[in-house]
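Here is the structure we will look at, set down as structure tokens.
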Number of protein chains: 2
Amino acid sequence: MKNLESIDLEKLAKNLKIRMTPQRRAIINILIASEDHPTVEDIYYRIQKINPEIGIATVYRNVALLEKYGVIYKLEIDYQNKSRYEIADIYSMHEHLIDSDTGEIIEFSLKKDEIEEIYKKIGDKLGYNVIHHKLQLFGRKKNRLFSHKKNVFVRNK
Amino acid sequence: MKNLESIDLEKLAKNLKIRMTPQRRAIINILIASEDHPTVEDIYYRIQKINPEIGIATVYRNVALLEKYGVIYKLEIDYQNKSRYEIADIYSMHEHLIDSDTGEIIEFSLKKDEIEEIYKKIGDKLGYNVIHHKLQLFGRKKNRLFSHKKNVFVRNK
DNA sequence: CTATCTGCAAAGTTTTTGCTCTGAC
DNA sequence: GTCAGAGCAAAAACTTTGCAGATAG
């Protein structure tokens with residue numbers, strides 16, 4: 001559970017000028033409660049346990065809407081060719097380390113002053129205001145016994 | 001055109017223990033020649049101009065294969081819900097800045113000693129060897145006249 | 001009350017798979 | 001010559017859309 005219990009969904013809807021339906025409430029609450037990064041299907045099934053009459057088209061429509069408004073993020077991870085989502089949470093901006101063997105996603109945080117300043121500088125140089133960033137590290141567990149992937153890209157000479 | 005003209009595809013195939021077919025050669029060469037980040041469909045059409053009898057299933061099968069072997073990368077960008085690829089190129093490791101309004105992808109490089117050392121430290125702390133990383137910055141052009149996206153996520157209090 | 005939103009089913013896209021034939025080594 | 005690999009077409013998987021009825025504000 002993230003530190004977002006205090007989010008006022010009615011106020012959010014008013015700000016966005018959208019209606020706060022039970023379906024939208026459910027999607028947001030599922031994402032707040034999720035420690036992982038659910039796909040649309042995941043969200044759909046988790047909601048179904050409580051509210052069986054929701055349609056998957058509704059989930060698709062609403063994650064797109066909520067993403068457009070910045071309430072949730074579509075993860076740029078695309079593990080298994082499915083879109084994955086997480087709640088936008090400015091208080092715990094975090095990065096992802098993806099296990100190259102298993103696809104497992106490990107979250108970690110950066111010290112704000114440690115790197116973000118550098119990102120801002122890069123944006124300045126390119127003429128952009130950096131709104132947010134995603135850093136992904138891909139790695140292999142140090143004590144893994146054998147690897148599932150070969151890594152044999154060899155350059156001529 | 002990237003600085004990879006010297007890549008020896010026969011040697012590559014031998015190392016990977018796969019056959020170097022004209023189709024694979026074409027896919028790799030297209031990706032070497034591409035300054036953008038083509039989707040499977042893009043790759044398919046670009047090859048078709050030269051070799052019209054290639055099948056899209058072949059492209060799918062081979063980008064998956066080449067990605068598994070680390071010859072190409074699947075971009076973690078997923079703009080428009082399509083997989084995008086680029087040639088793996090250890091000599092020009094670069095990051096991406098994604099225009100939040102247009103989806104345009106701008107490449108930039110980091111000074112190796114500037115940040116990579118930090119990534120390595122993070123991996124160490126988590127018990128991983130970092131194989132590669134992807135950093136994405138999302139931003140809006142500083143002089144854009146109006147925005148297409150609202151950004152109105154408001155937290156209670 | 002009414003314009004937005006939902007659920008359902010159908011359609012559209014993207015990706016994978018089965019199978020037979022081809023061609024790289 | 002043999003087995004990995006290609007093409008084709010069908011299937012599967014994922015996402016979007018049209019429409020009629022439901023409901024939040």
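Minimum heavy-atom separation, Y85(A) to L31(A): O-CD2, 3.7 Å.
For dT15(C), the OP1/OP2 oxygens have a side-chain nitrogen or oxygen of Y60(B) closer than 4.0 Å. A close approach under 4.0 Å does occur between a side-chain nitrogen or oxygen of S83(B) and OP1 or OP2 of dT15(C). Contact annotation: T21(B) side-chain N/O to dA24(C) OP1/OP2 distance is not under 4.0 Å. Dashed line: the shortest gap from a side-chain N or O of Q23(A) to OP1 or OP2 of dT23(D) is not under 4.0 Å. For R19(B), no side-chain nitrogen or oxygen approaches OP1 or OP2 of dG23(C) to under 4.0 Å.
A donor and an acceptor atom never sit less than 3.5 Å apart when one is taken from the side chain of R24(B) and the other from the base of dG23(C).
Of the charged side-chain nitrogens involved, at least one lies within less than 4.0 Å of a carboxylate oxygen, so that E10(A) and R25(A) count as a salt-bridged pair. Electrostatic pairing of K49(B) and D42(B) does not count as a salt bridge here, judged by no charged N lying under 4.0 Å from a carboxylate O.
When heavy atoms are screened at a 4.0 angstrom cut-off, I56(A) is found touching no nucleic acid atom at all. Among the heavy atoms of the strands lying under 4.0 Å from P22(B) are primed sugar atoms or P, OP1, OP2 only; no base atom is included.
Taking the side chain of R61(A) as heavy atoms from C-beta on, and the options dT17(C), dT17(D), dT14(C), the nearest nucleotide is dT17(D).
If you take NE2 on H37(B) and NZ on K74(B), they are separated by 15.0 Å, rounding to the nearest 0.5 Å.
A straight line from CG of N51(A) to C1' of dA22(D) spans 14 Å, rounded to a whole angstrom. A straight line from NZ of K14(A) to P of dT4(C) spans 17 Å, rounded to a whole angstrom. The distance from atom CG of L66(B) to atom C1' of dA6(D) is 15 Å, rounded to the nearest whole Å. The CD-C1' distance, from E53(B) to dC21(C), rounds to 15 Å in whole Å. When rounded to the nearest whole Å, the span between CD of E10(A) and C1' of dA24(D) equals 11 Å. When the C1' atom of dG12(C) is taken as reference, atom NZ of K82(B) falls 12 Å away, rounded to whole Å. In this structure, L9(B) places its CG atom 14 Å from P of dA24(C), rounding to the nearest Å. Note: CD1 (I18(A)) to C1' (dA3(C)) measures 15 Å, nearest angstrom.
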Does the side chain to side chain donor-acceptor pair (under 3.5 Å) test come out yes or no for R24(A) and T58(A), once each step is laid out? CA-CA 9 Å; R24(A) 285 174 182 164; T58(A) 301; over 6 Å; no
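Mapping E41(B) and A57(A) onto DNA chain C via the closest heavy atom, the residue that lands nearer the 5' end is A57(A).
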